[in-house]
Amino acid sequence: MRYASLAQVALFTAIGLSMMRSMFRSLAACVAGVITLAGCNLANSPMPDVTAETGVARVRLQASPIPATATLNALIESASESKASPTPTKAVPARCDATEEKRPARQVSAEINIDYAAKSADVVQTINFLNREALALDSMVLDVQANQWEDAFQLRDLTVNGASADYDLNLNRLRAGLDEPLESGCWLEIGLQFRLQPAAIRDGLRSYRGFFGYSARQLNLGHFLPTAAARLDDDWRIHDPIGIGEQVVYDVANWQVTVSVENAPDGLALAAPGTVTALGPTKWDIELLNSRDFAISLGDGLIATELQLANGVTVAVYTFADAQIYANGIQLDGADHVLQEAEKALALFEKTFAPYDRERFVIVQGDFPDGMEFSGLVFVGGAWFTSFDGGPRNYLTLISVHEIAHQWWYARVGNDSALNPWLDEALATYSEYLFIESHYPAYKNWWWTFRVAGFFPRGKVDSDVYEFATAREYINAVYLRGVQMLHNLRVDIGDEAFYQLLRAYLTAADGQIAEPTLFWRQLPPEQRDLTLATRVEYLRQHDDNSLFGAVDD
């Protein structure tokens, strides 16, 4: 049985009221549709330090008003759960091209027109989806994370292969009906037109979702573009949103996005992953390949500090002026500290896990608590910058390293973050310890006390996010007990075998959405007996059948 915190109750209540209001709006739209004869329908060893010149650049942008798309402004304002069917159009036949099998099954393109003063965006988006399953699909399901927030997502039009289509939108799940099944090996094109209106970042539980929100100086857009839901066990995998942990399950996609900004203040800068091409002072093209998500941040007065590593990777840290602080008469530069620690962490994780697979990595100071990972871009909470004390023993160091580790344990190796959150969070947290052990070995005991033992963690590591009443209970069980379990495994089988386990898991799961059995099956038979006591202590499901499946040796 799942218990809800007061914050969760408030969140669920708000969602419920939103659904009731949308229901009444939908009924009204249906009545209007009958009158006009329109239809109506109801988301470890240290590497050598590399020295390089670091540059600081301030981006000064002039406001360049961009005319709103006429078709968008002409469309009727409607609730996100309903729409009136537009004039029917003829569908374009699905493409069936076996030569495209090596491309990701999801290809996303979008034109995003942002009104920075209004903190809103009008989006025209296309999703091309390839059915790689043996059977035909009779519907498409999109993950629309932005729609879980009241008035944040207004869908204005949806087409399938160029023709208008009926759909149902319920929180973060959008189901589009297909006139004809999508056969195996064939592509489908979904067109979307919608408006986004993120909420202000405030205190409390909602503030932790500040990666989709705005402050007085920042607009963050993360988990904001709909994408074809993951296909697992012959079904679309989408979970109900709650305020504890994360619930996304994403497969990889190629993203081609154009961002235009109007009503932009001087000093506005864009932080984005991938290959960014400026088309003007307030317009950019962004290409991001083989990525589970797409996120950007716009900030008034963001400062970019960049460093090119020896392997050619560029690290860019975007911070505000308050990342420069004075303590005891000494100037402390949080941006430069993060840049140096990122250089060390990327080199260590490349050596320990696998090479970093992108040309750029972006870290953004976020006006919301803690941090958040995306493909090629991460947020680190602003409070960790303003409380920086000049050394490595602080959350600025640890959260930065944690989010960097997610480039392997999330961006490279995906997992179901609602049902199996330990697969990315425990591994990312233990990566912090590997970093401290490698670069600051005198602080190993400090890390265990500061990060783990001081919270007296309890709970089973293989719990899902819906089992917890508070975020603290969730973190204690999944993150902290998770690192205890991983460290015990390391002791059980030895360092060399432990690092081999991590590398084997990454190789087997690279680019996939992994289940826990894939991790455990990287243990050879002789190591399964050695790790039995650890598995019994930390896992609910610890027997060989549940962890390893059919034995093939």
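Computed from a prediction, not measured in an experiment: that's the story for all the values here. Atoms considered below: every heavy atom in the structure, side chains included; atoms not considered: hydrogens, waters and symmetry mates.
- A heavy-atom distance below 4.5 Å is found between the side chains of Leu158 and Leu174.
- Atom CG of Asn445 has 12 or fewer heavy atoms from other residues, nucleotides or ligands within 6.0 Å.
- Residues Pro421 and Val478 share a closest heavy-atom pair of C-CG1, 3.9 Å.
- There is a side-chain donor-acceptor pair under 3.5 Å between Ser297 and Gln218.
- For the pair Arg393 and Tyr440, the cation-pi test (distance below 6.0 Å, angle within 45°) is failed.
- You'll find the side chain of Ile363 reaches within 4.5 Å of the side chain of Val380, heavy atoms only.
- Two residues are said to be in side-chain contact when any heavy atoms from C-beta on lie closer than 4.5 Å; Asn476 and Arg481 fail this criterion.
- Distance check: Thr126 OG1 to Gln193 CD gives 9.0 Å after rounding to the nearest 0.5 Å.
- A perpendicular orientation is assigned to the rings of His487 and Tyr433, their planes being inclined by more than 60° (bins at 30° and 60°).
- Taking the six-membered ring where tryptophan is involved, the planes of Phe361 and Tyr356 are perpendicular, since the angle between them exceeds 60° and thus also 30°.
- Of all non-hydrogen atoms in Thr386 and Ile325, the two that sit nearest each other are O-CD1, 3.8 Å.
- Annotation for Asn147 and Leu171: closest pair ND2-O, 2.6 Å, computed over non-hydrogen atoms.
- The number of heavy-atom neighbours closer than 6.0 Å to CD of Gln512, taken from other residues, nucleotides and ligands shown, is above 12.
- Across Tyr250, Phe294, Phe212, Phe379, a single residue satisfies ring pair (Phe, Tyr, Trp, His ring centres under 6.0 Å) together with His223, and that is Tyr250.
- Annotation: Phe498 is in aromatic contact with Tyr430 [ring centroid separation under 6.0 Å].
- Once rounded to the nearest 0.5 Å, the distance linking OG of Ser431 with NE2 of His406 reads 9.0 Å.
- Gln407 places a side-chain N or O within 3.5 Å of a backbone atom of Gly376 that can act as its donor or acceptor partner.
- At distances below 3.5 Å, not a single donor-acceptor pair connects side-chain atoms of Gln125 with backbone N or O atoms of Val108.
- Without hydrogens or angle criteria, Arg106 side chain to Trp255 main chain gives no donor-acceptor distance under 3.5 Å.
- The main-chain N or O of Phe353 is never found under 3.5 Å from a side-chain atom of Trp408 such that the two would form a donor-acceptor pair.
- A cation-pi geometry, defined here as NZ or CZ lying under 6.0 Å from the six-membered ring centre and within 45° of its normal, holds between Lys119 and Tyr116.
- For Trp446 and Phe450, the gap between ring centers is short of 6.0 Å.
- No side-chain donor-acceptor contact under 3.5 Å links Arg237 to the backbone of Ala230.
- The backbone N or O of Asn420 sits less than 3.5 Å from a side-chain atom of Asn415, completing a donor-acceptor pair.
- Counting only distance, with no hydrogens or angles, the side chain of Asp285 and the backbone of Thr277 share no donor-acceptor pair below 3.5 Å.
- Although no hydrogens or angles enter the test, the distance criterion places a donor-acceptor pair under 3.5 Å between the side chain of Gln107 and the main chain of Pro104.
- A salt bridge does not link Glu246 with Arg292: every distance from a Lys NZ or Arg NE/NH1/NH2 to an Asp or Glu carboxylate oxygen is 4.0 Å or more.
- Checked against the 6.0 Å centroid threshold, Phe374 and Tyr410 do not count as a close aromatic pair.
- Between the OG1 atom of Thr397 and the NE2 atom of His439 there is a distance of 12.0 Å, given to the nearest 0.5 Å.
- The shortest distance between side-chain heavy atoms of Arg490 and Tyr499 falls below 4.5 Å.
- Leu398 places none of its side-chain heavy atoms less than 4.5 Å from the side chain of Phe435.
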| field | Asp322 and Gln365: CA distance, side-chain angles, deciding distance, side-chain contact (heavy atoms from CB on, under 4.5 Å) verdict | value | CA-CA 10 Å; Asp322 58 8; Gln365 177 183 349; 3.0 Å; yes
| Should Trp384 and Asp370 be marked as a side-chain contact (heavy atoms from CB on, under 4.5 Å) after you check the CA-CA gap, both sets of side-chain angles, and the distance that decides it? | CA-CA 8 Å; Trp384 306 139; Asp370 260 349; 3.4 Å; yes
| Is there a side-chain contact (heavy atoms from CB on, under 4.5 Å) between Val257 and Ile112 once you walk through the steps? | CA-CA 7 Å; Val257 178; Ile112 306 169; 3.4 Å; yes
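- Between Leu423 and Tyr505, some side-chain heavy-atom pair lies under the 4.5 Å cut-off.
- One finds a salt bridge joining Asp510 and Arg412 here, because a Lys/Arg side-chain nitrogen approaches an Asp/Glu carboxylate oxygen to under 4.0 Å.
- Counting only heavy atoms from C-beta outward, the side chains of Gln331 and Tyr326 approach each other to under 4.5 Å.
- Taking both residues in full, the closest heavy atoms of Leu377 and Ala295 are given as CD1-O, 3.9 Å, listed atom of the first, atom of the second, then distance.
- Under 3.5 Å, the side chains of Gln256 and Asn254 contain no donor-acceptor pair of N or O atoms.
- Taking the six-membered ring where the residue is Trp, Phe368 and Phe211 present perpendicular rings, their angle passing 60° and hence far from 30°.
- Rounding to the nearest 0.5 angstrom, the gap separating the CD atom in Gln197 from the CG atom in Asp115 is 9.0 Å.
- Pro273 approaches Arg360 most closely through the heavy-atom pair C-NH1, 3.6 Å.
- Here the NE2-OH distance, from His402 to Tyr395, works out to 11.5 Å after rounding to the nearest 0.5 Å.
- One N or O on the side chain of Arg503 and one on the backbone of Thr352 form a donor-acceptor pair closer than 3.5 Å.
- The shortest distance between side-chain heavy atoms of Val123 and Leu192 does not fall below 4.5 Å.
- In this structure, Arg358 contributes its side chain and Leu289 its backbone to a donor-acceptor pair below 3.5 Å.
- Distance CG/Asn311 to CD/Glu343: 9.5 Å, rounded to 0.5 Å.
- Phe153 approaches Leu155 most closely through the heavy-atom pair CE2-CB, 3.7 Å.
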| said: Using side chain to side chain donor-acceptor pair (under 3.5 Å), reason through Asp143 and Gln145 one step at a time and then give a plain yes or no. | reply: CA-CA 6 Å; Asp143 189 328; Gln145 288 292 311; 2.9 Å; yes
